[in-house]
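Have a look at the structure below, then the notes.
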Amino acid sequence: MKTKISQLITFTTSTLLFGMLGAVISVRAIAVDLKPAQKLVQTVELNQANQYTFTDPIRTTQIIFFPQAPGPIRVDEPRGASQLTYQGPEGEFTFRGKAIRKQKSPLGLLVTVTLEPNFDQGQLELTLVLPTVNLQNGQKQDFDTVAIKSRGLGRVINRAGAEQKYLTLPLKGTAESVILPL
């Protein structure tokens, strides 16, 4: 009987010892595997937004800008064409491709569309000032910017004064990365 008990104790002790060694080996393996994961968690991922939504303080104007237009892909548009949707006092408009003029400036990207194309009375243009906005880990980012509406005088000859009038529109913007249809 003593032999069976001592064999059982030896078996149990060796199993426990191997189990503990296995646990120690596993813990070391996990600790080694966690180091890259910890570095990954500490690294902040920054990426650019693909949708920008803007509203004015009294919510009479809403602008949605896509640096790359959502689908469907159109044959007559250049690759990487943008889309801007404007809803405001002048009406509701959607601009795509060549109807959107973009220009880099020290203020950010200037995005211009023509809201009222009337050369006789003076056309109305909207220029949105779009700063570079980095998203942290894919989260939405809120920011402030402006849009400028400019109206020319049209075909008035020799009129004294400035040839354009400006209306500055402060905007609250939200930049985000969303899934776009093809």
Side-chain angles (χ1 to χ4, degrees), residues 33-119 122-153 162-182:
D33 289 342
L34 282 179
K35 287 182 182 176
Q38 288 170 343
K39 288 180 184 175
L40 187 64
V41 169
Q42 293 170 354
T43 304
V44 176
E45 181 183 331
L46 296 175
N47 56 8
Q48 296 296 309
N50 64 358
Q51 177 180 316
Y52 298 87
T53 305
F54 305 93
T55 55
D56 67 325
I58 56 175
R59 299 191 181 268
T60 57
T61 302
Q62 181 181 28
I63 301 167
I64 301 173
F65 177 67
F66 297 95
Q68 186 165 350
I73 297 171
R74 297 182 183 175
V75 181
D76 60 334
E77 288 181 353
R79 184 175 180 182
S82 300
Q83 177 177 312
L84 185 138
T85 303
Y86 172 87
Q87 189 174 13
E90 296 81 15
E92 192 172 324
F93 308 98
T94 298
F95 304 92
R96 286 180 70 113
K98 294 178 183 177
I100 301 172
R101 299 177 307 282
K102 296 182 278 188
Q103 180 180 357
K104 290 184 181 181
S105 81
L107 299 174
L109 183 66
L110 303 179
V111 182
T112 304
V113 295
T114 302
L115 296 176
E116 294 176 4
N118 188 333
F119 294 107
Q123 65 184 16
L124 178 63
E125 295 191 323
L126 172 84
T127 300
L128 173 68
V129 180
L130 182 62
T132 301
V133 180
N134 294 314
L135 303 183
Q136 183 175 353
N137 297 323
Q139 299 295 316
K140 289 182 182 182
Q141 294 294 318
D142 294 329
F143 61 98
D144 294 318
T145 190
V146 294
I148 302 167
K149 292 181 182 179
S150 63
R151 184 177 295 277
L153 292 177
E163 291 190 18
Q164 289 183 299
K165 294 180 183 180
Y166 301 103
L167 173 67
T168 305
L169 188 63
L171 298 172
K172 293 284 184 188
T174 301
E176 58 187 316
S177 183
V178 299
I179 297 173
L180 298 175
L182 296 176

task: Check step by step if side chain to side chain contact (heavy atoms under 4.5 Å, CB included) holds for Leu115 and Phe95.
output: CA-CA 10 Å; Leu115 296 176; Phe95 304 92; 4.1 Å; yes
Euclidean distance, [Y] [atom2] relative to [X] [atom1], rounded to 0.5 Å:
X      : Y      : atom1 : atom2 : result
Asn134 : Gln139 : CG    : CD    : 14.0 Å
Ile100 : Thr94  : CD1   : OG1   : 9.5 Å
Leu169 : Thr55  : CG    : OG1   : 9.5 Å

- request: Could you tell me which residues satisfy salt bridge (Lys or Arg N to Asp or Glu O under 4.0 Å) with Asp144, sequence neighbours excluded, listed by chain and number?
  value: Lys172
- prompt: Is there a side-chain contact between Thr114 and Phe93, using heavy atoms and a 4.5 Å cut-off?
  reply: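 No, every pair of side-chain atoms sits at 4.5 Å or beyond.
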field: Residue pair Val113 / Tyr86, side-chain heavy-atom distance below 4.5 Å
entry: no
All side-chain hydrogen bond (donor to acceptor under 3.5 Å, both in side chains) counterparts of Lys102, not counting sequence neighbours: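 Here the qualifying residues are Ser82.
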- prompt: Which residues pass the side-chain hydrogen bond (donor to acceptor under 3.5 Å, both in side chains) test with Thr145, sequence neighbours left out?
  reply: none
Could you pull out the closest heavy-atom pair between [X] and [Y], with the gap in Å?
X      : Y      : result
Val129 : Leu107 : CG1-O, 3.7 Å
Leu84  : Leu128 : CD1-CD2, 4.4 Å
Gln83  : Ala69  : CB-CB, 3.8 Å

Please enumerate all residues that pass side chain to side chain contact (heavy atoms under 4.5 Å, CB included) together with [X], with sequence neighbours excluded.
X      : value
Leu167 : Lys149
Glu163 : Leu153
Ala175 : Ala49, Tyr52, Val133, Leu135, Phe143
Lys140 : Thr174, Glu176

Which residue pairs pass the salt bridge (Lys or Arg N to Asp or Glu O under 4.0 Å) test with at least one member in [range], sequence neighbours excluded?
range            : result
residues 123-136 : Arg101-Glu125
residues 129-139 : none
residues 107-118 : Glu116-Arg151

Donor-acceptor pairs under 3.5 angstrom involving side-chain atoms of residues 58-67: please list them, not counting sequence neighbours.
{"residue": "Thr60", "atom": "OG1", "partner": "Asp56", "partner atom": "OD2", "Å": "2.8"}

task: Sorted by first residue and then second, give each ring-ring contact (aromatic ring centres under 6.0 Å, His included) pair with at least one member in residues 162-181; sequence neighbours left out.
output: none
